[in-house]
Amino acid sequence: SRFLCRLADLEVLERDLQRMLGRQLCEGSTVRIRTDAYYEDAAFGWDGLFPGAVGVISCMHEDLVCVEFPWRSCWRCTWDLLELLESGPSFNDLLGREVRVAPDVDQPWSGWNGVRRGDVGEVIRVV
């Protein structure tokens with residue numbers, strides 16, 4: 001049966017959560033320049049960037065990484081200047097994953113529709 005709810009009403013099953021959070025730096029990863037980085041650490045210069053700036057990796061080659069920032073395109077650095085930002089699964093990460101209705105849900109957004117707390121199902125669409 002179909003069950004519509006808020007993301008907060010679901011728990012990702014442990015085996016899928018570990019797979020989703022175990023990611024390493026790769027193209028498309030959201031990263032932050034390490035806040036403890038020193039200006040001399042940037043082998044190719046800072047070019048208007050600063051520790052703590054957030055961007056997205058656009059390409060990687062051996063030890064070099066190219067990061068896109070809203071105000072700077074293709075900033076080159078070594079991977080050790082970056083840290084992966086991961087606040088939990090994104091909506092797209094949940095598609096096709098098995099989830100469980102959280103045990104503390106009082107009333108799902110669209111009603112229960114025959115589903116109970118603790119029931120397991122697959123995410124087929126995120127709206």
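Predicted, not measured: the structure shown is a model, and the values here were computed from it.
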Colleague: Taking Ser58 for its side chain and Cys66 for its backbone only, find out whether a donor-acceptor pair lies under 3.5 Å.
Modeller: yes
Colleague: When rounded to the nearest 0.5 angstrom, what is the spacing between OG1 in Thr78 and CG in Leu64?
Modeller: 7.5 Å
Colleague: Of the non-hydrogen atoms in Ser73 and Glu68, which two are nearest, and what is the gap between them?
Modeller: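 It is OG-OE1, 2.9 Å.
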Colleague: Is a side-chain donor or acceptor of Trp75 paired with a backbone partner of Gly48 at a separation under 3.5 angstrom?
Modeller: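 Side chain of Trp75 to backbone of Gly48, a donor-acceptor pair under 3.5 Å: no, none is there.
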Colleague: Do the side chain of Glu27 and the main chain of Cys59 share a donor and acceptor less than 3.5 angstrom apart?
Modeller: no
Colleague: Rounded at 0.5 Å granularity, tell me how far CD1 in Ile33 sits from CG in Asp41.
Modeller: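 Going from CD1 on Ile33 over to CG on Asp41, the span is 11.0 Å.
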Colleague: Which heavy atom in Trp46 sits nearest to a heavy atom in Tyr38, and how many Å separate them?
Modeller: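 Heavy atoms only, the tightest pair is CZ2-O, 3.3 Å.
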Colleague: For Val105 and Trp112, work out which heavy atoms get closest and say how close.
Modeller: O-CZ2, 3.9 Å
Colleague: What's the spacing between Asp119 CG and Arg117 CZ if we round to 0.5 Å?
Modeller: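 Nearest 0.5 Å value for the CG-CZ distance: 11.0 Å.
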Colleague: Give the cluster check for Met60 versus Phe69: same hydrophobic cluster or not, with ILVMFWY residues linked at side-chain heavy-atom distances below 4.5 Å.
Modeller: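 In one cluster with Met60: Phe69, yes.
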Colleague: Taking Ser29 as the fixed residue, which of Ile57, Val67, Leu82, Val65 is the one that meets the side-chain contact (heavy atoms from CB on, under 4.5 Å) rule?
Modeller: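 That would be Ile57; it is the only one of Ile57, Val67, Leu82, Val65 passing the side-chain contact (heavy atoms from CB on, under 4.5 Å) with Ser29.
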Colleague: So does Phe44 have more than 12 non-hydrogen atoms from other groups sitting under 6.0 Å from CZ?
Modeller: yes
Colleague: Answer with yes or no whether the hydrophobic clustering places Val31 together with Phe50; edges join I, L, V, M, F, W, Y residues whose side-chain heavy atoms lie under 4.5 Å apart.
Modeller: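 Yes: a chain of side-chain contacts under 4.5 Å links Val31 to Phe50.
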Colleague: List in chain and number order the residues that pass side chain to side chain donor-acceptor pair (under 3.5 Å) with Asp47, two or more places apart in sequence or in another chain; answer none if no residue qualifies.
Modeller: Arg72
Colleague: What I'd like to find out is whether the side chain of Leu85 reaches to under 4.5 Å of the side chain of Val54, using heavy atoms alone.
Modeller: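 Side chain of Leu85 against side chain of Val54, heavy atoms only: contact under 4.5 Å found.
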Colleague: Within a reach of under 6.0 Å around CH2 of Trp79, are more than 12 heavy atoms found that belong to other residues, nucleotides or ligands?
Modeller: no
Colleague: Looking only at heavy atoms, which two atoms of Pro51 and Ala37 are closest? And how far apart?
Modeller: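 Closest approach of Pro51 to Ala37: CG-O, 3.6 Å.
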Colleague: Does Glu83 come within less than 4.0 Å of Arg32, counting only side-chain N to carboxylate O?
Modeller: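 So Glu83 pairs with Arg32 through a salt bridge.
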